[in-house]
Structure formats: C-alpha cells, structure tokens
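These numbers come from a predicted model, not from an experiment. Below, all heavy atoms of this structure are taken into account, side chains as well, without hydrogens, waters or symmetry copies.
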Amino acid sequence: MTLALTRRRLLTTALATGVATQFAGPASAARPRLTLPAPTGPHRIGMVDRHLVDRARRRELMTSVWYPAAARHRPPAPWMPDAPMRALLAGNGLPADAAAAPLTAARYNAPALKTPGRRPVVVFSHGADGHRSETTIIVQELASHGYVVVTVDHTDAYTEFPGGRLRVPDDNVSVTPYDHAADITFVLDRLEATRRFGPVGMFGFSKGGTATALVMIGDRRVRAGLSLDGPMECQPPITADLDRPFLMMTANFPADDFWDHLRGWRRRLHLDGGTELSLSDAVWLLPQLARLTAMSDEDLAGWIGTYDPARAVRLQQTYPLAFFDQHLRP
C-alpha cells in the first residue's frame, strides 16, 4: 500500500464511526458518542455554513465560518453532516453504527459577539480526499480566543451542498495543491468584498499545508502561514522564496527543501513518534474508536504512532494560537 493510500485509510478509519444526523440528539446506548476536547478560550463559538460559487473557474465550494458568539441557545454544530460521512464510510467498506459523531463546541447560526475593530481571520485548507472538519480542534480553539476561522471544502472533499446534493472525491479527477491554493484565493476575494475582516493568516493539513505556502507566495494578503505536515511537493515544484512568517509542524514530512525557501520568521516543530494524524482531530478520535471496537494497541499505534494523543492535542491547541497571536495581533 502506498503512503498516500495509507494516509487516506488512516484518516478514514479515525473518523469511521462519526455518523450522525445534522443535529443529533443524545447518543443511544448502542451508539456511544465520540467527543472532541473543549476549547480553552474565553469566548463562546458560533458557526455558519456558506455555499460559494466561483463562476470563472466553474467550481463550487462549501465553507464554514467559525467566530466568537454572543449566545449559546442555538443547536450545537455537528462535526460533519450525515451524508458525506456515510459516503466516506461506504467508500472504504467501514461500519456506520459503532459510534455517533462528536458535536463541536460551536452553536449553529449563533449571533456573533460584537467588538470594536475587525477580528483577525484564519483560513484552512484540508488534505487530499479530506474535508473541512479535519482540524476542528484547532479551529474551535482559535475561534474561542477571538479569531474568525473559515474552513473550506475543496473539490476533492466529502461534502454536501444545499438541498442535500453530495460530492465525493473522484480518483479520475486531478486536484493539486495549486487547485487548493486557487480556491483559497477565491475565498479571500469574497471575504475582501465584505470589508469585514482584519489581518489574515492561513493553515493547512497535508496537501493543504503545501497550498498554504503556494497562497502566500502569490498573495501578500496572507501575513502568516502554518503547515500541518505538508509534503511541500507539487508540480511545478516550489522554487520561490517566502519572506513572511511560516511555522511547520511536522511528523512524516520534514520538507527540508522547502525549509530553505523560508527567508522570514520560521520555526519547525517535529513530533518524534507521531504520524500525520497527530496533527489532526483523528489523534483524539482514534483511541476512542479503538476502545469501542477492541482495536489492538499494535493496530492503534500503526495509525497514530507512539506520540501521546493528549500531548498532541495540547500542541494543537497551543502552537497555532501562539503563532497567529504573535503575527496577526497588534
């Protein structure tokens, strides 16, 4: 099995049991609910979904906007809607009834917390054949500390459009990091048209990490970028230097060649014993799934390595926030 397929199966297995309706009630005894760690910030969180159409490129994207909220009387936002999750499971021959999906800390369509000035904005790009929920731990941590975070489903995502139309990744359609980068540029254009956002940062998981570098090379609106184990490989390859702050959190891909292109503030945090999934929600969800399905310790270590999941979550909640605080806030 190739590394790419291994990563895809790894992510799929981590999330395999997260099937729920849009606003599911309490989990039954037969389907215990998976959980996410609570964010640590002082703000309540709201979330809204937005459907965007790039007519020039004939692409449509589902996005979610996460933000500090003024109230929590709205329903909790699901980690992922039911239909794309079921498609994710069916495409990999996995059961859909072992557990219910986690509910996030966000309230769906909650009113935004009013504040003077414009909040910093961070946009997120997911990995290959992934989805915009991959790093919800980081996303809701940022939102709880006052950021607006926009997560994007690219055209190689499991996603659901208004009206229930489903899209799944197509192996016969090439979607490159350059495609991800162009999607993010389109989203930034739409945000800029609203005149409602402050300084902009970006982060991405795996392929999305590579896309983060590409966006920053071509678009100076993004002041700071973070890659979560991005391979930094694409065709044509990255040859330009980057003069703005960039943080690399790595596990499988040290991306040494790209490191040499960083001419501004740069740091690298490497997880010895971790895997790519140590930098996503899966590092927290997989151990829960292992307990529910009697997965062996050996098999679990094959998925998430030997790096402590609780420590991995603390890193996810600490380093991205500190990085963006340093480079996006006054």
Side-chain angles (χ1 to χ4, degrees), residues 1 5-40 76-106 126-127 129-141 144 158 205-206 228-229 249 251-252 271-318:
M1 180 179 292
L5 287 177
T6 299
R7 291 201 306 273
R8 184 185 304 177
R9 283 201 59 193
L10 189 58
L11 182 60
T12 301
T13 301
L15 310 179
T17 60
V19 180
T21 57
Q22 182 74 6
F23 297 115
S28 68
R31 294 183 68 219
R33 187 177 299 285
L34 301 179
T35 64
L36 290 172
T40 69
W79 183 81
M80 192 177 190
D82 181 63
M85 180 63 78
R86 290 188 180 279
L88 181 67
L89 299 175
N92 290 271
L94 296 169
D97 58 356
L103 299 175
T104 71
H126 63 70
D129 296 353
H131 49 85
R132 66 189 190 272
S133 304
E134 286 173 343
T135 60
T136 297
I137 292 171
I138 295 175
V139 169
Q140 60 186 20
E141 182 69 12
S144 77
Y158 290 87
F205 175 73
S206 192
L228 302 171
D229 213 34
M249 298 177 67
N252 288 337
L271 276 64
D272 288 330
T275 71
E276 187 177 41
L277 293 191
S278 299
L279 298 168
S280 75
D281 293 355
V283 75
W284 187 254
L285 299 178
L286 257 174
Q288 297 175 58
L289 178 60
R291 290 191 292 271
L292 294 172
T293 60
M295 182 187 299
S296 71
D297 291 344
E298 182 180 4
D299 286 344
L300 179 60
W303 294 126
I304 64 172
T306 58
Y307 200 87
D308 177 37
R311 181 173 175 81
V313 167
R314 289 196 296 273
L315 293 178
Q316 291 182 38
Q317 291 181 322
T318 302

Tell me whether [X] contacts the main-chain N or O of [Y] through its side chain, where contact means a donor paired with an acceptor under 3.5 Å.
| X | Y | value |
| --- | --- | --- |
| T275 | W303 | yes |
| Q316 | S280 | yes |
| E134 | A282 | no |
| E276 | S206 | no |
| W284 | A312 | no |
| T104 | A77 | yes |

Measuring from atom [atom1] of [X] to atom [atom2] of [Y], what distance do you get when rounded to the nearest 0.5 angstrom?
| X | Y | atom1 | atom2 | result |
| --- | --- | --- | --- | --- |
| D229 | L277 | CG | CG | 9.5 Å |
| T318 | I138 | OG1 | CD1 | 10.5 Å |
| T306 | D297 | OG1 | CG | 12.5 Å |

Is [Y] close to [X] at the side-chain level, that is, under 4.5 Å between some pair of heavy atoms?
| X | Y | result |
| --- | --- | --- |
| L285 | L36 | yes |
| R291 | P287 | yes |
| S278 | L315 | no |

*By side-chain hydrogen bond (donor to acceptor under 3.5 Å, both in side chains), which residues pair with R311, not counting sequence neighbours?*
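Listed in chain order: Y307.
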_For P309 versus I304, what's the shortest heavy-atom pair and its separation?_
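What the structure gives for the nearest pair is CG-CD1, 3.8 Å.
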*Exercise: identify the closest heavy-atom pair between W79 and H131*: CH2-CE1, 3.5 Å
*T40: side chain to side chain contact (heavy atoms under 4.5 Å, CB included) partners, not counting sequence neighbours*: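 Only E141, H145, Q317 meet the side chain to side chain contact (heavy atoms under 4.5 Å, CB included) criterion with T40.
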_Contacts of S296 that satisfy side chain to side chain contact (heavy atoms under 4.5 Å, CB included) - sequence neighbours left out_ =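 Applying side chain to side chain contact (heavy atoms under 4.5 Å, CB included) to S296 gives E298, D299.
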